[in-house]
Peer 1: 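If you scroll down you'll find the structure; I have some questions about it.
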Protein chains: 2
Amino acid sequence: MPTEPLSRTRIVAAAIDLIEREGADAVSMRRIAAELGVGVMSLYNHVPNKDALLNGVAEAVLSQIEFTDDPDAHWTDRVRMQARAFRQIAHGHPRSTMLVVSRQLHSNAGLLPVERALATLRSAGFDGVDAVRVLRMFIAYIVGSLLREVGVTPTFAPLHRHMVNPDDVDPALFPEVSGLAPLLASCDHDAEFDFGVELLIQAIAVLPKREGTR
Amino acid sequence: MPTEPLSRTRIVAAAIDLIEREGADAVSMRRIAAELGVGVMSLYNHVPNKDALLNGVAEAVLSQIEFTDDPDAHWTDRVRMQARAFRQIAHGHPRSTMLVVSRQLHSNAGLLPVERALATLRSAGFDGVDAVRVLRMFIAYIVGSLLREVGVTPTFAPLHRHMVNPDDVDPALFPEVSGLAPLLASCDHDAEFDFGVELLIQAIAVLPKREGTR
DNA sequence: GGCTTGCACGTACGGCGTACGTCCGTCAAT
DNA sequence: ATTGACGGACGTACGCCGTACGTGCAAGCC
């Protein structure tokens, strides 16, 4: 049985699989090797160390997002589409999301979304300074939203679970929180995300545009 | 020499100190114990496990932020002030920031900022549903911004450092990125943060307000 | 004095990342 | 056909990690 030869790609795939099945904490070189039916140290023939492997995971996930950009559409639609495309990560690879947003990628995988976004914003008439500013703002919002969605950051209902009975929160100390507890306890991530995106788009749409494209 | 008795508070303080000095990776029970001149297992008399200790760190940092809320100020000013207060975390405890935003806190420490924010938004005339929505949106933006600021998330200039010469980015493939490289490479976090906050405030200020406060 | 209680501490176990050395199959040059 | 170099798979070993468990000691109570 000529088992498929080991390769960086296969290793990364196994890592992603493992993360999605058992969470990021379950990832160890030994575990991945076991998953592949291979000795631990064999991995190091294809990957310099664990950190690089995790970067590989982040890149792989990132490069899977499907940008279907229509250059003829209105720029607001294009921005909306790109934001949503990025959010696919949270759906397709929820437990890898943290990895994707928290690693500095020095490869082209990380540059493509940036390039697309900047092109869209420039085509909308923003100069370089504003395009970068707006992009950074969107990224901050999207990253924060994804983290909430995959449960890294709280909904900022610490009443997420675990304290179903709102007895734990003193209504005298926290009247608003306890009054709005039902609203805080549930979160429609789709709606929540879109609400923010629309608000942001609307906000930047009225941003005064300078002339000198520089 | 009656050395100060060990206590949860002292342990948490040592942990924060260690994180800020050497980064979150340097934190281990052994290391903290050594820092306190104490046996490793003594820590477990005051803290059930490492995870709980890290929660303690997050709570301690979170509860240090100074909210100076002026109920008479215009709500837009109050929102601005609260957003900035939260951002103090990144300044006062940069290397603990990740911990603060990524841990689900089931204590009052995490509820106080939420309570303040909700109260402010309600006083501005938002009903419960909108207040929660807007709050979530702000939190997402702030969390994302803080992570960028403390270097967890890239500026989304992967050209942050390490690739000073923009030869690594192919101008043919990434015209915008390479054209805007100087802008992407530097980031004035103060200005960037305020830009977003102002945009958000402005956006929600024009949000239609429903009547029925329910 | 005896007894309980609480805390500091040592030892030990299983798991981690990875440096290093070994072994073996393949293939080019002889 | 023989040899030699080479690349990849693997085992061993080291120094870390979190923490379960047991021991010993000092203070407070009867």
Side-chain angles (χ1 to χ4, degrees), chain A residues 1-60 95-96 98-99 102-106 152, chain B residues 1-60 95-96 98-99 102-106 152:
Chain A
M1 178 179 84
T3 127
E4 181 113 4
L6 210 46
S7 71
R8 182 184 158 100
T9 310
R10 285 218 315 142
I11 295 174
V12 168
I16 295 182
D17 210 61
L18 184 56
I19 293 176
E20 294 304 329
R21 278 201 333 270
E22 308 196 17
D25 290 346
V27 176
S28 80
M29 298 306 264
R30 288 163 174 24
R31 195 77 168 63
I32 293 174
E35 212 80 13
L36 290 165
V38 123
V40 196
M41 293 316 289
S42 309
L43 303 178
Y44 287 87
N45 289 319
H46 305 271
V47 159
N49 53 49
K50 189 186 182 183
D51 213 58
L53 169 55
L54 294 183
N55 280 340
V57 168
E59 283 175 33
R95 313 182 79 164
S96 308
M98 186 64 204
L99 237 51
S102 73
R103 304 219 137 227
Q104 311 262 46
L105 302 181
H106 303 291
V152 175
Chain B
M1 177 178 82
T3 129
E4 181 113 3
L6 209 47
S7 72
R8 182 184 158 99
T9 310
R10 285 218 315 143
I11 295 173
V12 168
I16 295 183
D17 211 61
L18 183 56
I19 293 177
E20 294 304 329
R21 278 202 332 271
E22 308 196 16
D25 290 347
V27 176
S28 80
M29 297 306 264
R30 286 165 160 80
R31 195 77 169 61
I32 294 173
E35 213 80 13
L36 290 165
V38 123
V40 196
M41 294 315 288
S42 309
L43 302 178
Y44 286 88
N45 288 319
H46 305 271
V47 159
N49 53 50
K50 188 185 182 181
D51 213 59
L53 169 56
L54 294 183
N55 279 339
V57 169
E59 283 174 32
R95 316 182 78 163
S96 309
M98 187 64 205
L99 237 52
S102 73
R103 303 220 137 226
Q104 310 262 45
L105 302 182
H106 302 292
V152 174

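Heavy atoms only: backbone and side chains are in, while hydrogens, waters and symmetry mates are out. Throughout, protein chains are lettered first and strands after them, A, B, ... in sequence-line order, and every chain is numbered starting at 1.
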Peer 1: Mind listing the side-chain donor-acceptor pairs of residues 30-38 of chain A below 3.5 Å, one per line with the distance, residues two or more places apart or on another chain?
Peer 2:
{"residue": "R31(A)", "atom": "NH1", "partner": "E35(A)", "partner atom": "OE1", "Å": "2.7"}
{"residue": "R31(A)", "atom": "NH2", "partner": "E22(A)", "partner atom": "OE1", "Å": "2.9"}
{"residue": "R31(A)", "atom": "NH2", "partner": "E22(A)", "partner atom": "OE2", "Å": "2.5"}
{"residue": "E35(A)", "atom": "OE2", "partner": "R21(A)", "partner atom": "NH2", "Å": "2.3"}

Peer 1: Looking at A58(B) and L105(B), what are the two nearest heavy atoms and their distance?
Peer 2: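 Smallest heavy-atom distance, with atoms named: CB-CD2, 4.0 Å.
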Peer 1: Rounded at 0.5 Å granularity, tell me how far CG in L43(A) sits from CG in N49(A).
Peer 2: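 Here the interatomic distance stands at 12.0 Å.
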Peer 1: Which of residues 17-25 of chain A sit near DNA chain C, with a heavy atom under 4.0 Å from it?
Peer 2: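 Output list: empty, so none.
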Peer 1: Take nucleotides 22-28 of chain C nucleotide by nucleotide from the 5' end and write B, S or -, depending on whether a protein heavy atom sits under 4.0 Å from the base, only from the sugar-phosphate, or from neither.
Peer 2: -------
Peer 1: Contacts to DNA chain D from residues 27-36 of chain A, heavy-atom cutoff under 4.0 Å, which residues?
Peer 2: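 Those residues whose heavy atoms fall under 4.0 Å from DNA chain D, taken from residues 27-36 of chain A, amount to none.
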Peer 1: Check S96(B) against E20(B) and note the closest heavy-atom contact, atom names and distance.
Peer 2: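 Looking at all heavy atoms of both residues, the shortest contact is OG-OE2, 2.5 Å.
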Peer 1: Show the nearest heavy-atom pair for residues N55(B) and Q104(B), with the distance to one decimal.
Peer 2: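 That closest heavy-atom pairing would be OD1-O, 4.4 Å.
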Peer 1: Going by salt bridge (Lys or Arg N to Asp or Glu O under 4.0 Å), name the residues that satisfy it together with D51(B), two or more places apart in sequence or in a different chain.
Peer 2: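 Salt bridge (Lys or Arg N to Asp or Glu O under 4.0 Å) list for D51(B), sorted by chain: R103(B).
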Peer 1: Specify the closest pair of heavy atoms between M29(B) and L53(B), including all atoms of both residues, with the distance to one decimal.
Peer 2: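 Heavy atoms only, the tightest pair is SD-CD2, 4.0 Å.
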Peer 1: To the nearest 0.5 Å, what is the distance between CD1 on I11(A) and CG on N45(A)?
Peer 2: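 If I round to the nearest 0.5 Å, the distance is 8.5 Å.
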Peer 1: Which heavy atom of L18(B) sits nearest a heavy atom of A26(B), and at what distance?
Peer 2: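 In this case the closest contact between L18(B) and A26(B) is CD2-O, 3.9 Å.
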Peer 1: Using a heavy-atom cut-off of 4.0 Å to chain A, what are the terminal contacting nucleotides of DNA chain D, in 5' to 3' order?
Peer 2: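 Both ends considered, the range comes out as dG8(D) to dT12(D).
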Peer 1: Near DNA chain D, which residues from residues 37-60 of chain B have a heavy atom under 4.0 Å away?
Peer 2: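 Under 4.0 Å from DNA chain D: V40(B), M41(B), Y44(B), N49(B), K50(B).
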